[in-house]
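Worksheet: the structure to be examined is printed underneath.
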Amino acid sequence: MIRNGNERILVIAPHADDEVLGCGGLIDKARKYDNEVKVLIGSVGDIHFQHKDDGVIHSETRKMELKEALAHLGCEDYEILFEDKESAMDTIPMNQIVSKLDRVLRKMEPTIVFIPYPSYHQDHQVLFQASMASLRPVPKRSPKLIAMYEYPMIVWQYPKVNDVGELYLDITDSIDRKVEAFCKHQSQIRTADHLISPENIKRWAAKRGMETGVGYAEKYHLIRAQLF
């Protein structure tokens, strides 16, 4: 599908780094074939992470890391919906989030949309719900593929989404660039024993690759797809 170079792909991610964790290989491959790719980040903000003992990581740092990570994958089109709301998107009225998503969808008219698996984190749950609302069937606005992307923390599945199809993308030729792009998010790098570490990102992709008979893969969960 992405080999034709005619797709307009929208990746909706709660935080800066989720776009690489879930779709880094896809973004790299899509841009190699000259598809249009836009990344939409739910929120950044000044926040203290448990894996960091040197104080607050500021939103400007997160934005700089995001820019560098996406540039490494060949993507320059990105937007942040809310600033200073990281880990607090559940405090934003839902209609405000949906309205912002609607605006992007109307302007871009994407042919393919990837949204976050809801997971246990409140920001992921909120952005998933808002994305589903914005992607409601509307005349003359119907992406041919809508899917949820996963990330290593999906092993703690709450809520678990059942009865959805599975879609794999061979990222064997993009896995190193995916890991390198994640490493641009320097503030988010964990130790090697953590699920979100460069080492385990590659192991996770290898696991998905084994499931579909390739070296490395990303897995997506289908919500809606059309055949033409």
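Hydrogens, waters and symmetry mates are skipped; everything else that's a heavy atom, side chains included, is used.
- Taking all atoms of both residues into account, the shortest heavy-atom contact from Val39 to Cys75 is CG2-SG, 4.2 Å.
- Annotation for Lys144: atom NZ counts as buried by contact number, over 12 foreign heavy atoms lying within 6.0 Å.
- The minimum heavy-atom distance linking Gly45 with Glu86 is given by the pair N-OE1, 3.3 Å.
- A donor-acceptor distance shorter than 3.5 angstrom exists from the side chain of Arg190 to the backbone of Gln188, with no hydrogens or angles considered.
- Asp163 CG: 12 or fewer foreign heavy atoms inside a 6.0 Å radius.
- For Arg141 (side chain) and Leu105 (main-chain N/O), no donor-acceptor pair under 3.5 Å exists by modelled atom type.
- For Gln122 (side chain) and Asp90 (main-chain N/O), no donor-acceptor pair under 3.5 Å exists by modelled atom type.
- Legend: residues meeting ring-ring contact (aromatic ring centres under 6.0 Å, His included) with Phe182, ordered by chain and number and at least two apart, are absent.
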Mind running side chain to side chain contact (heavy atoms under 4.5 Å, CB included) on Leu145 and Leu167 for me, showing each step along the way?
CA-CA 11 Å; Leu145 173 65; Leu167 176 67; 4.0 Å; yes
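- In the hydrophobic cluster analysis, where Ile, Leu, Val, Met, Phe, Trp and Tyr join through side-chain heavy atoms closer than 4.5 angstrom, Val11 is grouped together with Phe82.
- Across every non-hydrogen atom of Met89 and Val126, the tightest pair is O-CG1, 3.8 Å.
- Under the side-chain hydrogen bond (donor to acceptor under 3.5 Å, both in side chains) criterion, Thr91 pairs with no residue, sequence neighbours left out.
- Remark: side-chain polar atoms of Arg8 are paired, donor with acceptor, to backbone N or O of Met108 under 3.5 angstrom.
- In terms of heavy atoms, Ile171 sits closest to Gly25 at CG2-CA, 3.8 Å.
- A donor-acceptor contact shorter than 3.5 Å is absent between the side chain of Arg3 and the backbone of Tyr33.
- Under the salt bridge (charged side-chain N to carboxylate O under 4.0 Å, His left out) test applied with Glu79, the options Lys100, Arg103, Lys107 reduce to a single match, Arg103.
- For residues 114-137, the salt bridge (Lys or Arg N to Asp or Glu O under 4.0 Å) pairs, not counting sequence neighbours, are Asp102-Arg136.
- Between Val98 and Ala133, the shortest heavy-atom contact is CG2-CB, 3.9 Å.
- Applying the side chain to side chain contact (heavy atoms under 4.5 Å, CB included) criterion to Asn200, with sequence neighbours excluded, gives Ser197, Arg203.
- For the pair Arg62 (side chain) and Val44 (backbone), a donor-acceptor distance under 3.5 Å is absent.
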Under the side chain to side chain contact (heavy atoms under 4.5 Å, CB included) rule, what do Leu169 and Tyr220 come out as? Steps first, then yes or no, please.
CA-CA 8 Å; Leu169 175 68; Tyr220 314 96; 3.7 Å; yes
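- A salt bridge links Glu211 with Lys207: the closest approach of a Lys/Arg side-chain nitrogen to an acidic carboxylate oxygen falls below 4.0 angstrom.
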Walk me through whether Thr111 and Asn35 qualify under side chain to side chain contact (heavy atoms under 4.5 Å, CB included).
CA-CA 11 Å; Thr111 59; Asn35 297 277; over 6 Å; no
Walk me through whether Lys178 and Asp28 qualify under side chain to side chain contact (heavy atoms under 4.5 Å, CB included).
CA-CA 8 Å; Lys178 175 186 172 97; Asp28 183 59; over 6 Å; no
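- Aromatic ring orientation, Tyr117 versus His221: perpendicular (interplanar angle above 60°, classes split at 30° and 60°).
- A donor-acceptor contact closer than 3.5 angstrom is absent between the side chains of Ser59 and Glu83.
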Only distances under 3.5 Å count here; give the side-chain donor-acceptor pairs of residues 17-24 to other protein atoms, sequence neighbours excluded, each with its distance to 0.1 Å.
| residue | atom | partner | partner atom | Å |
| --- | --- | --- | --- | --- |
| Asp18 | OD2 | His15 | N | 3.1 |
| Asp18 | OD2 | His15 | ND1 | 3.3 |
| Asp18 | OD2 | His124 | NE2 | 3.3 |
| Glu19 | OE1 | Asp17 | N | 2.8 |
| Glu19 | OE2 | His185 | NE2 | 2.8 |

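- For the salt bridge (Lys or Arg N to Asp or Glu O under 4.0 Å) condition, the pairs that include at least one residue of residues 219-228, sequence neighbours left out, are Glu166-Lys219.
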